[in-house]
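Data first, discussion second: the structure below is written as structure tokens.
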Amino acid sequence: MAHSDVVPPGDLSLWKTDPFNAVVKGDKIYGRGSEDNHQGIISAVLAVKAMMDSGIRPRYNYSLLINADEELGSEYGILPLLKNHKEIFTPNDVFLVPDAGNDEGTMVEVAEKNMMWLKFSVLGKQAHAALPKYGTNATRVSSQLLLNLDKALHKKFNNKDKLFNPEPTSTFEPAKREPQSSTINTVPGLDVFYLDCRILPQYTNEEVLQEVSRIVQEAEKKFNVKVKVEVVQHESHVPTDKKHPLVNLVVRSARDVYNNNPKPIGDGGSTVASFLRDEGYPAVVFSRLFDMAHQPNEYSSIQNTLGDAKVFALVSLRMK
């Protein structure tokens, strides 16, 4: 399973080639989407072509699922397929998703952290900056609130899981901050910031929200302000058992093709595999990538594309 949609090219001046025209230079194919996720599509197709051309058939059906809208949350991609077209799946299906990896080809991703994006709107009281006692500085309050959230969340949800590498803990990162008044001599009455939470599966998003609510209530009482908390994104995911036969097949096949030491790991990012796992389907994310996704001058490797095709074919032929 791979996705056909791509992200916009961004600043065109940063590109050395036309982002929407495939340009081959040695082992590299430059272009938007060349790695994310068209390398995975081509590897999957090549695996099918090799089996067809050689007259070899796997014991079980090898199917290609190419979907769209992955970059924007899959609302028009895999989610409506799982909800409205379950007849295309069977209870025994397993999935290989070539949408994440590393340049050594050792990352066999079996789990993803829960994800939650929170929006905080701190409502103070606007005033002239020369007379701050007549106002309540929302920026000062939100800055203190942000520090309190950072300290309390990391302290309470501090367990480590070695499966997740290189971030074995839950993370709570301050992210976007909305612009305020354009004048310097004004005490801001409103400050809006966002928190990107990536939570280990051993915790629930609801537990984190409860702790956030407690910290917010303390801030409201201490600073006499109102704070509105909105959940912008909310995903809780079920991992694939790292001892599942599919995981072992991918590890073994990747090792045979690339002569490396692949290991099952967890990831803080988010792929469409998580939606499949949530429906009870075992899913493994694997590909050998240079992590050029969403960057100017994105490229894929021809050798990696061929190597991954070999991995996919071996997994299919070895399945018992």
Side-chain angles (χ1 to χ4, degrees), residues 3 5-8 10 36-37 68-80 82 99-100 109 111-123 138-139 141-159 161 164 166-180 190-220 225-239 266-278 285 291 293-295:
H3 67 89
D5 58 319
V6 303
V7 297
D36 183 25
N37 185 220
D69 198 40
E70 187 272 348
E71 299 292 2
L72 292 177
S74 296
E75 183 179 354
Y76 301 100
I78 185 60
L79 290 177
L82 290 169
D99 196 21
E109 189 253 81
E112 297 172 15
K113 293 179 181 178
N114 299 336
M115 183 174 71
M116 186 164 59
W117 295 346
L118 299 177
K119 176 183 178 181
F120 296 82
S121 300
V122 179
L123 182 62
T139 297
V141 175
S142 68
S143 297
Q144 184 62 57
L145 173 59
L146 191 51
L147 290 173
N148 293 345
L149 287 166
D150 184 72
K151 181 178 180 180
L153 293 176
H154 282 101
K155 181 178 180 180
K156 186 175 181 65
F157 305 100
N158 63 353
N159 285 354
D161 188 337
F164 290 85
E167 290 285 353
T169 62
S170 299
T171 59
F172 306 94
E173 287 301 303
K176 176 181 175 182
R177 198 159 202 161
E178 294 188 359
Q180 303 171 335
L190 175 66
D191 193 83
V192 180
F193 67 90
Y194 296 77
L195 201 63
D196 183 320
C197 309
R198 308 288 171 135
I199 306 159
L200 290 177
Q202 60 192 265
Y203 301 116
T204 67
N205 289 0
E206 287 70 25
E207 288 178 284
V208 174
L209 276 174
Q210 288 177 4
E211 181 67 4
V212 166
S213 178
R214 183 189 68 79
I215 300 165
V216 164
Q217 289 175 15
E218 288 182 352
E220 289 180 323
V225 296
K226 291 293 183 182
V227 180
K228 182 180 180 182
V229 181
E230 300 173 71
V231 178
V232 179
Q233 185 81 350
H234 185 312
E235 295 180 12
S236 298
H237 301 304
V238 178
D267 188 26
S270 181
T271 72
V272 288
S274 60
F275 301 118
L276 296 164
R277 293 177 183 134
D278 292 344
V285 180
D291 200 17
H294 299 206
Q295 298 183 44

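Given the structure is predicted, the values throughout are model-derived calculations rather than measurements.
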Do the side chains of [Y] and [X] get nearer than 4.5 Å, heavy atoms only?
X: Thr169; Y: Phe164; answer: no
X: Val227; Y: Leu123; answer: no
X: Leu149; Y: Val212; answer: yes
X: His234; Y: Ser236; answer: yes
X: Tyr194; Y: Leu118; answer: no
X: Val285; Y: Asp267; answer: no

Shortest non-hydrogen contact from [X] to [Y]?
X: Ser170; Y: His154; answer: O-CD2, 4.0 Å
X: Pro80; Y: Ser74; answer: CD-O, 3.7 Å
X: Met116; Y: Asn205; answer: CE-O, 3.7 Å
X: Phe275; Y: Ile78; answer: CD1-CG2, 3.8 Å

Any side-chain to backbone donor/acceptor pair from [X] onto [Y]? Under 3.5 Å, distance only.
X: Asp278; Y: Val238; answer: yes
X: Asp99; Y: Thr271; answer: no
X: Asp5; Y: Glu71; answer: yes
X: Lys113; Y: Ser270; answer: no

Straight-line distance of [X] [atom1] to [Y] [atom2], nearest 0.5 Å:
X: Met115; Y: Ser274; atom1: CE; atom2: OG; value: 8.0 Å
X: Trp117; Y: Glu230; atom1: CH2; atom2: CD; value: 15.0 Å
X: Leu145; Y: Asp191; atom1: CG; atom2: CG; value: 9.5 Å
X: Ser143; Y: Asn148; atom1: OG; atom2: CG; value: 11.0 Å
X: Arg177; Y: Phe193; atom1: CZ; atom2: CZ; value: 6.5 Å
X: Gln210; Y: Lys156; atom1: CD; atom2: NZ; value: 8.5 Å

**OP:** Report yes or no: do Gln233 and Glu235 form a side-chain donor-acceptor pair below 3.5 Å?
**Re:** yes

**OP:** Verify whether one side chain among Asp36 and His294 offers a donor that lies under 3.5 Å from an acceptor in the other.
**Re:** yes

**OP:** Give a yes or no on whether a salt bridge exists between Arg277 and Glu109, defined as a side-chain N under 4.0 angstrom from a carboxylate O.
**Re:** yes

Original post:
Ser213: what forms a side chain to side chain donor-acceptor pair (under 3.5 Å) with it, not counting sequence neighbours?
Top reply: Gln217

Subject >> Qualifying residues under side chain to side chain donor-acceptor pair (under 3.5 Å), relative to Asp69, sequence neighbours excluded >> reply: none

Identify all side-chain donor-acceptor contacts of residues 197-204 below 3.5 Å with residues at least two apart in sequence or on another chain.
{"unit_1": "Arg198", "atom_1": "NE", "unit_2": "Asp196", "atom_2": "OD1", "d": "2.7"}
{"unit_1": "Arg198", "atom_1": "NH1", "unit_2": "Gly268", "atom_2": "O", "d": "3.0"}
{"unit_1": "Arg198", "atom_1": "NH2", "unit_2": "Asp196", "atom_2": "OD2", "d": "3.1"}
{"unit_1": "Gln202", "atom_1": "OE1", "unit_2": "Asn159", "atom_2": "ND2", "d": "2.7"}
{"unit_1": "Tyr203", "atom_1": "OH", "unit_2": "Asn159", "atom_2": "N", "d": "3.2"}
{"unit_1": "Tyr203", "atom_1": "OH", "unit_2": "Asn159", "atom_2": "ND2", "d": "3.2"}
{"unit_1": "Thr204", "atom_1": "OG1", "unit_2": "Glu207", "atom_2": "N", "d": "3.1"}
{"unit_1": "Thr204", "atom_1": "OG1", "unit_2": "Glu207", "atom_2": "OE1", "d": "3.3"}

Original post:
With respect to Val192, which candidate in Lys228, Lys119, Gln180 satisfies the side chain to side chain contact (heavy atoms under 4.5 Å, CB included) definition?
Top reply: Lys119

**OP:** For the pair Lys176 and Glu178, evaluate side-chain contact (heavy atoms from CB on, under 4.5 Å) and give the outcome as yes or no after the intermediate values.
**Re:** CA-CA 7 Å; Lys176 176 181 175 182; Glu178 294 188 359; 4.3 Å; yes

